[in-house]
Amino acid sequence: MRSPVQGRPFILYTASSDIVIGALLAQEDEEGFGHPIYYYNRTMKDAQIRYPKAERTCLELAHAIQRFRHYFLSNRVMLVSKADPIKFLLSKPALIGRPTKWLLQMSDFDIVCVSPKEIKGQAVADLLASFPGEDSTTPQDDVPGEFPEISVVKEETWLLYFDGSATPSNDTGGAGIVLVSPSGEVFSHSFKLDFHYTNNSTEYEAFLLGLSLAKQAGAIHLEIRGDSKLLVNQMNGIYFLKGIMLAPFRAEAQRLLTHFADATITHTGRTNNRHADCLATLASKLQFEGLEKAIIVQRRAVSSTWLSQTEDAQANDWRAPIIHELSSSVAEGTISLKELKNFFLLHGA
């Protein structure tokens, strides 16, 4: 597997079996030798199994767009296929239902269909389609020939939560990022935003900071979750970017996403994003000088009033001198031995 090269066209192979569809994304080097970038397969559901062959070709491309969206946004894509799904959809006299959705997905990208030339690459896609899986699986052996780098090594996924907070009354903003490693280690980050912003730009700023931190941490596969439906849908191509204010933010996000082999962006409710939300709100409310401020948050399991009552009760406890006498290696003589013989210590009390 290799990282993609910016500006160089991608080669997309797709294939399907009776129940599985698969896709392989590749890129040629300067010598014309193909290298795999990413691959996946998935099991078709219910009615999808009964799709005509032409519609199944469209389905293969539609799923590939969903999986490889952040790659397709910046590079031209050459689809290696005998049937051109885009021409098929455009040739239909009336588009309703799922064909309309497919055509809209395809129209956002520079995709051209070319005839199959490299049989080895298509053979890999056919092989991927022969592995039934719930979402994605990998081949069990290295594929000889053009793609020797494909292996069974599975990269572990990092989780990234982000949230932005704006406080117009104080003209301040904040960004909260929570990064969870594959081993479960949690890294919390809070940033105060001291520049002109809008509600949506704070969300994008938190998103960009999170991507930068994930890149620094060495994440390869990344699952991103945020509670901004606008940002998530704009990054996934569901919403169009109408305002020019957010265009630089999305362009920078697309650039950062190319550093990851796989990155998915999903919307999550605010209740599932409370950690990042608290960090963002905290940063937006703080006022401090300098570049950073260290804050320690401690956990208290009981009330301070309860602790005070407990200390008073211990001070008036008739057992205290007896426990002290039994715990002492040398008897101080405040309590008689005759009285001490009626007591013993169990686990220090």
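Judged purely by atom type and a 3.5 angstrom limit, Asn236 uses its side chain to pair as donor or acceptor with the backbone of Val232. Distance alone, capped at 3.5 Å, is enough to place a donor-acceptor pair between the Ser181 side chain and the Glu185 backbone.
Here CD of Glu223 is found 11.5 Å from CD1 of Ile265. Values are rounded to the nearest 0.5 Å. Interatomic distance, Leu193 CG to Leu209 CG, rounded to the nearest 0.5 Å: 7.0 Å. Within the model, atoms CG of Leu282 and OG of Ser188 stand 11.0 Å from one another, a figure rounded to the nearest 0.5 Å.
Using a cutoff of 4.0 Å between basic side-chain nitrogens and carboxylate oxygens, Arg250 and Glu252 are not scored as salt-bridged. Between Arg270 and Asp163 there is a salt bridge, with a side-chain nitrogen of the basic residue lying less than 4.0 Å from a carboxylate oxygen of the acidic one.
Nearest approach of Asn273 to Gly226, heavy atoms of both residues: ND2-CA, 4.5 Å. Of all non-hydrogen atoms in Met235 and Arg69, the two that sit nearest each other are O-CD, 3.6 Å. Considering every non-hydrogen atom in both Gln27 and Pro9, the closest pair reads CG-O, 3.4 Å. Of all heavy-atom pairs between Phe240 and Gln234, the closest is O-NE2, 3.9 Å. Here the closest non-hydrogen pair linking Ile177 and Ala206 is CG1-O, 3.7 Å. For the residue pair Pro182 and Thr157, the shortest heavy atom distance occurs at CG-O, 3.7 Å.
Phe260 places a side-chain heavy atom less than 4.5 Å from the side chain of Lys215. Between Leu257 and Ile224 there is a side-chain heavy-atom pair separated by less than 4.5 Å. Looking only at side-chain heavy atoms (C-beta outward), Asn200 and Leu230 come within less than 4.5 Å of each other. Contact of the Ile111 side chain with the Ile65 side chain is registered, since non-hydrogen atoms from C-beta on lie closer than 4.5 Å. Using a 4.5 Å heavy-atom threshold, the side chains of Leu222 and Leu211 count as touching. When side chains are defined from C-beta on, Leu25 does not count as touching Pro36, because their heavy atoms never get closer than 4.5 Å. In this structure the side chain of Glu205 never reaches within 4.5 angstrom of the side chain of Phe191, judged on heavy atoms. At a threshold of 4.5 Å between non-hydrogen side-chain atoms, the residues Trp158 and Phe187 count as touching.
Glu60 and Thr14 share a side-chain donor-acceptor pair at under 3.5 Å. For the residue pair Thr258 and His70, no side-chain donor N or O sits within less than 3.5 Å of a side-chain acceptor on the partner.
Other members of the hydrophobic cluster containing Val186, listed by chain and number, are Leu159, Tyr161, Val178, Val180, Leu279; membership follows side-chain contacts under 4.5 Å among ILVMFWY residues, whether direct or relayed.
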Notebook entry, point to check: Where do Asp227 and Glu203 land on the side chain to side chain contact (heavy atoms under 4.5 Å, CB included) test, with the steps shown first?
Noted result: CA-CA 9 Å; Asp227 56 32; Glu203 294 286 354; 3.8 Å; yes
Note to self: Working note: Phe162 + Arg225, criterion side chain to side chain contact (heavy atoms under 4.5 Å, CB included); need CA distance, chi angles, decisive distance, verdict.
What the structure shows: CA-CA 7 Å; Phe162 70 93; Arg225 299 173 185 174; over 6 Å; no
Next item on the list: Kindly indicate, with the supporting measurements, whether the criterion side chain to side chain contact (heavy atoms under 4.5 Å, CB included) is fulfilled by Thr202 and Ser165.
Entry: CA-CA 6 Å; Thr202 58; Ser165 176; over 6 Å; no
Margin query: Using side chain to side chain contact (heavy atoms under 4.5 Å, CB included), reason through Ile21 and Arg42 one step at a time and then give a plain yes or no.
Written below: CA-CA 6 Å; Ile21 56 176; Arg42 65 179 298 145; 3.8 Å; yes
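If you chain together hydrophobic residues whose side chains sit under 4.5 Å apart, Met245 and Tyr204 never meet in one group.
Ring pair Tyr71/Phe10 is perpendicular by interplanar angle, where above 60° counts as perpendicular and below 30° as parallel. Relative ring orientation between Phe72 and Phe109 is described as perpendicular, the plane-to-plane angle rising above 60° on a 0-90° scale split at 30° and 60°. Between Phe68 and Tyr38, the angle of the ring planes goes over 60°, which puts this pair in the perpendicular group of the 30/60° scheme.
Crowding of Arg274 atom CZ: a count of heavy atoms from other residues, nucleotides or ligands under 6.0 Å not exceeding 12.
Remark: Gln66 pairs with His63, Gln105 by the side-chain contact (heavy atoms from CB on, under 4.5 Å) rule, at least two apart or across chains.
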